[in-house]
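The structure presented is a predicted model; accordingly, all values stated were derived computationally and were not measured. Basis for what follows: all heavy atoms, side chains included, without hydrogens, waters or symmetry-related copies.
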Amino acid sequence: MKIAIIGTGAYGLALGSMFSLNNNDIIMWSKFENEVNDLKTNRNFKGIDLPKNIKYTTDMELCIKKSDLIVIAIPVAFIKSTIEGLKKYYHNTPILIASKGIEQNTNLFAIDIIKNNMNVKEIGVIAGGTFATDMLKREPMGLTLATSSNNLKNIVLNTLENKYLKIQTTKDILGVEICSSVKNIMAIASGIIDGLNYGQSTKYLFITEAIYEIRNLINLFGGNKKTIFTYAGIDDICMTCSTANSRNYTLGKIIGEGKSKEEINKYIESTTIEGLYTLKSIKKLLRNKKIKMPIIDLIYDIIINDKEPSELKRFLIEKD
């Protein structure tokens, strides 16, 4: 099958590598010509060789023409502008979303951005506790696919699942979207805990509370709270909150360490931090629905309203 992947970032490349194992015809699109030229020349990502059978292009029409599946693997902030170019050549191909987060201003999840701007009949979301480098190294891992389309489900299982990658399925798109977005907020708090020099016991106390909160959030928004037990749920939450190399974690750590407002703002302005954008969006959604989420509210107050990071410790002990 022909798989068109929109985006040549780390995760898009990792998914391309997995698709390549099932003898698919893979072509990846980027709007940056220098990025495409580099991939064509070096076929390497952070010292890991990329499959030779993947093609790269800046031509959107060439990328999606006669494709059996289109994979969206770009930051949520750029989905709307990108699909403006994509929909000129689009003809009812199933779409799989690998992007995570909520769009600023509109407060829309990735799937809603696409459905509001394109006529798409078959669409789904994929997420789980997977690092791009681990996927490129072909280490065992799992992803959760959420879709109501049996055809899309079968396409993804046949083209992506392999001896390294296990895929479970659900129809709870909303639950998977919430898990894969909000876990980045929780990673900021995890960084704060490390910045305050607390140990692993405190961190996993927090992670447990975070899992409860995300489960409640799924339920309140109308999703299936059992989705928290999928690879997109506990798997991804634990992994994201336990890693020290993410931008979300780094933001939290410098806040916990008591860095100056100037240093924190400098980091925010020079870095794309998905959890921060998601935090602002989810806070607006919660206000609109008059819902209170204790951890999200506290993280928002620490980052936006300058509440003391040490309040996180007090909260964990006093929370019912």
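For Asn248 (side chain) and Met186 (main-chain N/O), no donor-acceptor pair under 3.5 Å exists by modelled atom type. For the pair Asn22 (side chain) and Asn24 (backbone), a donor-acceptor distance under 3.5 Å is absent. At least one donor-acceptor pair closer than 3.5 Å links the side chain of Lys2 to the backbone N or O of Lys65. In this structure, Thr57 contributes its side chain and Trp29 its backbone to no donor-acceptor pair below 3.5 Å. Judged by distance alone, with hydrogens and angles left aside, the side-chain atoms of Thr278 form no donor-acceptor pair with the main-chain N or O of Gly101 at under 3.5 Å. With Glu213 contributing its side chain and Ile295 its backbone, the two residues share a donor-acceptor pair below 3.5 Å. Judged purely by atom type and a 3.5 angstrom limit, Ser270 uses its side chain to pair as donor or acceptor with the backbone of Tyr267. Between the side chain of Gln104 and the main chain of Tyr277, a donor-acceptor pair closer than 3.5 Å is present. A donor-acceptor pair is defined here as one N or O able to donate and one able to accept, closer than 3.5 Å; such a pair exists between the side chain of Glu177 and the backbone of Ile111. Although no hydrogens or angles enter the test, the distance criterion places no donor-acceptor pair under 3.5 Å between the side chain of Asp134 and the main chain of Thr130.
Both Met1 and Ile167 belong to a single network of hydrophobic side chains, linked directly or stepwise wherever heavy atoms of I, L, V, M, F, W or Y lie under 4.5 Å apart. No continuous path of hydrophobic side-chain contacts links Ile64 to Val71 [ILVMFWY only; heavy atoms under 4.5 Å]. Taking hydrophobic clusters as Ile, Leu, Val, Met, Phe, Trp and Tyr residues chained together by side-chain heavy-atom distances below 4.5 Å, Leu217 shares a cluster with Ile299. Transitive grouping of hydrophobic side chains (ILVMFWY, heavy atoms separated by less than 4.5 Å) keeps Leu145 and Ile218 in distinct clusters. In the hydrophobic clustering of ILVMFWY residues, with side-chain heavy atoms under 4.5 Å counting as a link, Tyr56 and Met18 come out together.
Considering all non-hydrogen atoms of both residues, Asp59 and Leu62 come closest at OD1-N, 3.0 Å. Nearest approach of Ser99 to Val76, heavy atoms of both residues: CB-CG2, 4.1 Å. When all heavy atoms of Cys63 and Ile6 are compared, the pair lying nearest together is SG-CD1, 4.1 Å. Across all non-hydrogen atoms, the minimal contact from Asn184 to Gly275 is CB-CA, 3.6 Å. When all heavy atoms of Phe315 and Pro294 are compared, the pair lying nearest together is CE1-CB, 3.5 Å. Here the closest heavy-atom approach between residue Arg138 and residue Ser17 is recorded as NE-OG, 4.4 Å.
Remark: Ile193 CD1 to Leu312 CG distance equals 4.5 Å, nearest 0.5 Å. To the nearest 0.5 Å, atoms CD1 (Ile237) and NZ (Lys183) are separated by 9.5 Å. The line from OH of Tyr198 to OG of Ser190 is 14.0 Å long, rounded to the nearest 0.5 Å. Interatomic distance, Ile27 CD1 to Lys55 NZ, rounded to the nearest 0.5 Å: 6.5 Å. Here the CG atom belonging to Leu152 is positioned 8.5 Å from the CD1 atom belonging to Ile123, to the nearest 0.5 angstrom. Remark: Ile155 CD1 to Thr159 OG1 distance equals 7.5 Å, nearest 0.5 Å.
Considering only heavy atoms from C-beta on, Asp236 stays 4.5 Å or farther from Tyr231 through its side chain. You'll find the side chain of Ser242 reaches within 4.5 Å of the side chain of Tyr204, heavy atoms only. Under the 4.5 Å side-chain criterion, counting only non-hydrogen atoms from C-beta, Met118 is in contact with Ile95. The shortest distance between side-chain heavy atoms of Asp112 and Glu103 does not fall below 4.5 Å. At a threshold of 4.5 Å between non-hydrogen side-chain atoms, the residues Val125 and Phe109 do not count as touching. Residues Ser181 and Ile282 fail the side-chain proximity criterion, which asks for heavy atoms closer than 4.5 Å. Between Met135 and Leu15, some side-chain heavy-atom pair lies under the 4.5 Å cut-off. Counting only heavy atoms from C-beta outward, the side chains of Leu251 and Ile264 approach each other to under 4.5 Å.
Annotation for Lys261: atom NZ counts as buried by contact number, over 12 foreign heavy atoms lying within 6.0 Å. Annotation: Lys313, atom NZ; neighbour count of heavy atoms from other residues, nucleotides and ligands within 6.0 Å does not exceed 12. Around the CZ atom of Phe45, the shell of radius 6.0 Å holds more than 12 heavy atoms that belong to other residues, nucleotides or ligands. Within 6.0 Å of the NZ atom in Lys31, the count of heavy atoms belonging to other residues, nucleotides or ligands does not exceed 12.
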Would Val156 and Thr169 satisfy side-chain contact (heavy atoms from CB on, under 4.5 Å), going step by step from the backbone distance to the final call?
-> CA-CA 10 Å; Val156 174; Thr169 62; over 6 Å; no
Verify side-chain contact (heavy atoms from CB on, under 4.5 Å) between Ile185 and Tyr300, making sure each step is shown before the conclusion.
-> CA-CA 9 Å; Ile185 299 174; Tyr300 185 88; over 6 Å; no
Would you check, one step at a time, whether the test side-chain contact (heavy atoms from CB on, under 4.5 Å) holds for Ile192 with Ile302?
-> CA-CA 10 Å; Ile192 291 173; Ile302 291 172; 4.1 Å; yes
In sequence, state the C-alpha distance, the side-chain angles, and the governing distance for Phe19 and Ile54, and then conclude on side-chain contact (heavy atoms from CB on, under 4.5 Å).
-> CA-CA 9 Å; Phe19 278 114; Ile54 298 179; over 6 Å; no
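Contact check on Lys253 versus Glu257 returns a salt bridge, with a Lys/Arg side-chain nitrogen under 4.0 Å from an Asp/Glu carboxylate oxygen. Contact check on Asp194 versus Lys203 returns a salt bridge, with a Lys/Arg side-chain nitrogen under 4.0 Å from an Asp/Glu carboxylate oxygen. Arg314 and Glu311 are joined by a salt bridge, as a carboxylate oxygen and a charged side-chain nitrogen come within less than 4.0 angstrom of each other.
For the side chain to side chain contact (heavy atoms under 4.5 Å, CB included) test with Met293, the passing option among Leu220, Ile214, Leu298 is Leu220; the others fail.
A side-chain N or O of Asn42 and one of Asp38 form a donor-acceptor pair less than 3.5 Å apart.
Both cation-pi conditions hold for Lys100 and Tyr11: the charged atom is under 6.0 angstrom from the six-membered ring centre and inside a 45 degree cone around its axis.
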